[in-house]
Structures are given as structure tokens and as C-alpha cells.
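Every chain is numbered from 1 and lettered A, B, ... according to where its sequence line falls, protein lines coming before strand lines.
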Amino acid sequence: MKRRVAVTGIGIITSHGAGAKVNWEKTKAGESSVTEITAFDAGPYRGCCGGQIRDFTAATVSRLRANRLDRATHLLVSSVREALSSANIVGPQCDCLLSLGTTLGGMLSGEAFHRDVIEKGISRARLSKTLDYLAHHQAENLFREFELAGDFLIFSDACASSANAIGHAFGVIASGRYDMAVAGGYDTMSEFTFAGFNSLMAVTPELSRPFDKNRSGLVLGEGAGILILEELGHAIRRNAAIYCEITGYGIASDAYHMTSPDPSGSGAASAMSHALRQAGFPDIGYINAHGTATKYNDLMEACAIKNVFQKDIAMRIPVSSIKPMIGHLLGAAGAVEAVISVQALMDNWLPPNINYVTPDPECELNIVTAGRPSEIRAVLSNSFGFGGSNASLIFEEYRQG
Amino acid sequence: MTRVAISGVGAISPAGVGVRPLVAAAAAGDRISAAAIGLSVSESAALRKLRRSAPITLYGVSAVDEALRDAGTGGCASDDYALIAGITNGALNFSVDFHKELLAREMASPALFSESVLNAPAGNASIAFNIRGPVHTLVGGPSVAIKALMLAASLIATGRAACVAAVCAEERNALSSFCYSRLQPLAAGALSEGAGALLLEPEDKSRGGQLCVLSGYASGMVPGDPQGALRRVIDSALAMSGLLALEDINVGVTDIKTTELIGDKVPVLSFFDVLGHAFCVSTIWNIILAAMAIRGSAVTPVFAGKLKKYAKHSEINHVIIYTTEESGAAAAVILSRAHAHS
């Protein structure tokens, strides 16, 4: 018999702030935390706003040297600590899988190093900056800080990275390889990424408006999201609070283009279909869309949703993207949106797709324009990325028996 | 449980393009020059569309192309073909160039950005070979090659994929050579680059040209205790393989320069002096060489030579490839001759 997998803890940090409570309150209210970027001079770029985290410089660490750590590690330590605490897990851990997603790892350290090399020369560059540049170093840091035991896996599948990290963790628990996993993702606001998306003309100088006829691009953000996943029996035996269950994961690739989605949406539809099939076709009460507000992504996603659910059913399912509130968190997007999906499920509340004004007939969906209560039994969360990566996760309310 | 076989291999290394020069270099045992790999995009149809891609992508795609051809696959146009890439450093050259443009306040090139992201080799390979199933990029040190194999095997075991290409690729530049010569005890010029690819299929469905099976594998992390982590993963891989004792393994292969035995019982080979160190690519080259030794190739006598020196076995049936990292990460995989697998 297949093992059931429960979500027993969540941790999150975004431009809304640090912690699940503040993130959910602001998301429910449809508050935007997108502001002018101060992390670097965004003046030369097409847009100058993003979901930069304010009032956070460093997490409290006890087994690591804080000044040697990339901001990515600090974001992760903050969210992992919250997730472990909310799951009531204290002290050295039993065997678990740490499964994380990121697009660029410790890119801020990388930027600082490259700047040194170019400006001062290779022999005068601070080599210490390279230590936390590589993505797997953040996982190794977490092992040391939280005295984890087991193994880690770092997925770098662009903007589907952390959805895949969570999906993989779900799979290894369901298959019996582990009883518990710390799963999620992270990314920081770096000029490298900002300039890159700017060069692709994907950054908007205006508001981010997913699925709106006048959408003109994305705003970037930073943050981390973590879920504690456990085999249901394991969670029950230790009297853990069960937030919900994860019941489906689907992945497929476009094999189409490095930066443009396949307009037919066949890869995205395939990912959603796999997830729905694995979950046993639950009654989806909310779709947390990838919804980047770029012309081609939203068109593709709308097309894929309508193909998977049939148009009349698709038009009844509430859909929203939270990216206009906190920005596109790239490798962290899937994890942060998974945390919000879990909260939407638990609170029976549909998060709004803010800034949506003018419907686009080509993206015709049941867009949630204002947050509202709704009975939700299952949520589908989508993440798509460069290279044609498509991942979908399904969370369902926990039912005993 | 579904047993997974290696049915094709591909490589590119400082020894040349293809598995054949890799095997020849390992068999000869002479140090290969650290000169950059000369790979032309005219080498294959798959590469011709990648003129604007980073060297790491060209290496990865070239290796996957050879592995697919080696296994006799006709094409990958279905969603049960998958690809798992392992990466340590990524597209270093494009990344440096993009930073230069950034600091010069020039309009940064979109291609330099999109081709420098960590999943560019995997994304480009999925496009080149029309792979529509799961495509992942895993990031890590030398152990990530074995983790990629493990993820590939689990996709096959769960039925999500019928055929998986596992590929590792790395490129080198002046900056990485400088950094690693300062940070790690590597001799100058020891840093290497290239790619290796394996095609994995269920043992009972592979297309005849099967090299060996993955009989056991494990990875794990014991912070600050690489030897403890190594003991643990070797024990786990051994238990999974069904072998009774460590002595049943004929030879070990590792990515670091060593003359030690595993557990005072198993002789160990290293091709570090021949091929240099290319992080996760070194591990996958070792897996390819072990697979070729089991199948029977120019490198078989190198493995057999170790046997004569240390053990009573006369045939190479089981080889363990392992790696440890200073952080405490370790991984091991046991390759077995198909008929010898218990």
C-alpha cells in the first residue's frame, strides 16, 4: 500500500517579511511588498522595483560563522528554523532528506568575487567569497547548523527548481526511502539575475499583472520557503500537527526553447495531468498559477489549464498568482507558493491576483481578483522555468482514515 | 525491484571526443595534456544548433549524443524519456563574460545569461534530443554524479521513465584554475574538464548492448566526517547489491589520488594522474571506465592488473566507484556484470 505523505511544518521568508503568519496575513489582504530596489543600482535597467526583503540582514546561527555566509544561507536558516519549530522538531535529527531548489545558489558571493577579480585583479580577489557561491554549500551549511543526518539533493531546474525539490521529497517518502524530509527552495535578489531578465526584456517597468491584457513583464523577488514532509504514520506517532497532505507531483519538459515556453502548453499540461493522476483526480478548489505576467508564459499556462480540465471546468476553478505581491522568486517560487497553497487550503481562503484590471480573452480563466473565503479541498500549484521545466504539486486537506 | 542496466556510454575529455580516447588514455596511463578540449559544433547534428551555447553545454550534449547512439536508441520523442544532469561549477566562461558586461555597464547579452544558468546543459540537451519526460539538474561536488544515477534509477523503478540519460559536465577557465589551486590541494594544471553520459534502462528492456547493471548505490552526508560517511554509503550499497562481503567486490575506483585499499580488502584504482580532476565529471568518467572494464575493452587489463596484485579473483564482476568530499558528503555505486549479479 502506498505511503501517505503529510506536511507537518512550514517556514517562509519573502518581501512580506519573515514567518508564515505575516506572509499569510499580507497575502490574504492582497498587499504588495514590491518596492524600489536598494540592493543595487537598478537605474540602468528597464524596471527598478522588486520584492526585496527589508529589515533582514542575518539569521541567528550557532554552528556557522555568520559573516562568511551568503545571504542565501541566511534566508534558508531563517525558514528552516521556522519550519522545524512549527513541526515541533528540536535537537539533532533522525535520518532525513534535505531537498532544495535554487537557480543560482550563493550568487551574491559570486557577484562580489567577480567584481573583485575584474576591478582588483585575480590575485587580490577575496577567495573566501567563492566558498558559499556554489549551491551545494548552502545545503552543507544547513546540515551543520541544524545537526541534520541523512542526505541532501540540490535541484537547479530554473523556476521549477523548488517545486521539483518538494516533489522529489514527496516521492522518496512515499516510496519508503525516508520517513521525513526538509524540502523547499531559495534565491536572492542579485544584479546578475536582474540584468539577465532585463536583457531578455522580461522585467516590467510597471506593475506585475499576471493574466491581464496589459501585462508587460515580471518583477523579481527573493526569499525562501520550506516544508517539512513526513510519512503520515511517522507524523501521527510523534503527535505532530498535520497541516495537509501532498498527494500529487507531475513533471514534464517542453523540449522546445531555452527561454520561451512551448505555446501549446503541452509540457505544462503533461505535468498537471501526471500530478492529477497520481493524486487520483481530486476536486481542485484553487490553482496557484505560475503566472509570471510575461506575455508568453501566461498565455501558455492558461492554454494548458484549459486543456487539462476542459474549458467549462477550468472556468470554474479559481486561479491566482501571488507574484505581483512579492515578485518572482525564481528557484524559490515553487516552495514559497507551496507554503501559500498550504495556508490557503488550511484557511479556506483564495489569495488574490492583485493588479488584475483588464481581462485578456486569450487568457480566459476564473481569476481571483479579490481575496475571498472558499471551501478548498485540494490545491494545484504550478511552476515552470527556463529550459522547458514544468512541475505541478497537489496538496489536499488531511482526512483521517 | 526493477534492475537498471547501463546500455550506452558517451564521453568527452582532454583525451578527445568519445569514450574510445578516454579508455585509451586510461589504459595507457600517461598524463593527458591540460589543453582545452577542441570540440567543433560541426561534430554532430545535435551540436550544430548550439553555436551560441557555452562549452559545458556542448560537452554535455556531445556525451549524451554518443550514449544514445551507443545504446542504439532511435529517438527520444516521448514523455517517458528523461535526463538527469550533474553539475558542480556550471558555465564558468559565460558567467565571467556576463559579469564583465555588467560591470562595464554595457547592455548584457541575453544569450550569455540564459546559457549560463545551471540548467542550460540539461535544457539544451532536452531540446536537442526531444526529451519530454523529467529533466533535472542536480548541483553538488563529485558525489552528485552518483546522485544523478540514483535519481535516474528511481525514475525507472517507479515507472516514470523508461530510459534515462545521466550526464555530468564541467568546463574550466583561468579563474577556476586559480581558485582551486589555492583552495584545494590540487597540483597546478590538475584541473580538468569535459563530460560523461550514461544511458540507463530497465535490465530486461535494454537493447542488447548492455554493459553492466547498477547492483547497489547509496549517498549520504555526515558533516565533517567524510570517512564515516564513506563507510556508511559503502555498507548501504553493499547491502543493496546482495553481495555477501566487501571482498566480493573486485576493484574500487575513486576520483582522488590514492593507493589505499577499501577496508584493507579491495584494491583501488584512480585515474587522477591521467585525466586530472573535473569534479562530478571525474566520478562519471570512473563509472564509464569501470563499465567498459566489465564489458571488456582496452582498459580491462588495468583493472585486471590490480586483481592479480591483490586478490584471488580472475574476472572482473563487481566494481565499486566511490567518492568523498571534505564536507562529509559521500556516495558509492556498485556496477556488476549482468550474469554475476545476485
For chain B, the option from Phe197(A), Phe113(A), Phe152(A) that forms the most heavy-atom pairs under 4.5 Å: Phe152(A)
The interface call for Pro223(B) against chain A, heavy-atom contacts under 4.5 Å, is side chain
What part of Thr102(A) gets closer than 4.5 Å to chain B, counting heavy atoms only: side chain, backbone, both or neither? neither
Report the distance from atom NE2 of His114(A) to atom CG of Leu175(B), rounding to the nearest 0.5 Å. 6.0 Å
Pairwise side-chain contact, Arg177(A) with Ser154(B), heavy-atom cut-off 4.5 Å (strictly under): yes
Rounded to the nearest 0.5 Å, what separates atom CG in Leu151(B) from atom NE2 in His168(A)? 5.5 Å
Answer whether the closest heavy-atom distance between the side chains of Val144(B) and His136(A) falls below 4.5 Å. no
Let's test your reading of the structure: which of Gly387(A), Ser123(A), Ser199(A) forms the most heavy-atom pairs below 4.5 Å with chain B? Ser199(A)
Which pair of non-hydrogen atoms, one from Ile122(A) and one from Ala174(B), has the smallest distance, and what is that distance? CD1-O, 4.2 Å
Side chain, backbone, both or neither of Val139(B) within contact of chain A (heavy atoms, under 4.5 Å): both
Region of Glu101(B) that comes under 4.5 Å of a non-hydrogen atom in chain A: neither
For the interface with chain A, which of Ala85(B), Gly123(B), Ser219(B), Ser116(B) has the highest count of heavy-atom pairs at distances below 4.5 Å? Ser219(B)
Side chain of Arg160(B), backbone of Ile251(A): donor and acceptor closer than 3.5 Å? yes
Kindly give the heavy-atom pair with the smallest separation between Tyr45(A) and Leu102(B), and that separation in Å. OH-CD1, 3.4 Å
Can you tell which of Ala158(A), Gly105(A), Ser270(A) has the highest number of heavy-atom pairs within less than 4.5 Å of chain B? Ala158(A)
Check whether Ser253(A) reaches the backbone of Gly133(B) with its side chain - one donor and one acceptor, N or O, closer than 3.5 Å. yes
Under a 4.5 Å heavy-atom cutoff, which of Leu103(B), Thr88(B), Val96(B) has the most pairs with chain A? Leu103(B)
Answer whether the closest heavy-atom distance between the side chains of Ile87(B) and Ser156(A) falls below 4.5 Å. no
Could you measure the distance from the CD atom of Gln278(A) to the OG1 atom of Thr158(B)? Nearest 0.5 Å is fine. 9.0 Å
How about Met258(A) and Arg52(B): do any of their side-chain heavy atoms sit closer than 4.5 Å? no
Please round to the nearest 0.5 Å and tell me the distance separating atom OG of Ser143(B) and atom CG of Asp151(A). 7.5 Å
Find out whether Val135(B) and Asp157(A) are in side-chain contact, i.e. whether some heavy atom of one side chain is under 4.5 Å from a heavy atom of the other. no
One should read off an interatomic distance between Arg144(A) CZ and Ser327(B) OG, to the nearest 0.5 angstrom, of 8.5 Å
Between His99(B) and Arg115(A), is any pair of side-chain heavy atoms under 4.5 Å apart? no
Check whether more than 12 heavy atoms from other residues, nucleotides or ligands sit under 6.0 Å from atom OH of Tyr296(A), and answer yes or no. no
Below 4.5 Å from any heavy atom of chain B, which atoms of Phe143(A) appear? Answer side chain, backbone, both or neither. both
Side-chain donor or acceptor of Asp79(B) paired with backbone N/O of Ala252(A) under 3.5 Å: no
With a 4.5 angstrom heavy-atom cut-off, is it the side chain or the backbone of Asp41(A) that approaches chain B, or both, or neither? both
Scored by heavy-atom pairs under 4.5 Å with chain B, the best of Leu98(A), Thr130(A), Asn164(A) is Asn164(A)
Minimum side-chain heavy-atom gap Leu134(A)-Phe279(B) below 4.5 Å: no
Closest heavy-atom pair, Ala255(A) versus Ser126(B), reported as atoms and distance to 0.1 Å, is CB-O, 3.4 Å
Working to the nearest 0.5 Å, report the span between CE of Met221(B) and CG of Leu97(A). 13.0 Å
Thr137(B) side chain near Phe155(A) side chain, heavy-atom distance below 4.5 Å: no
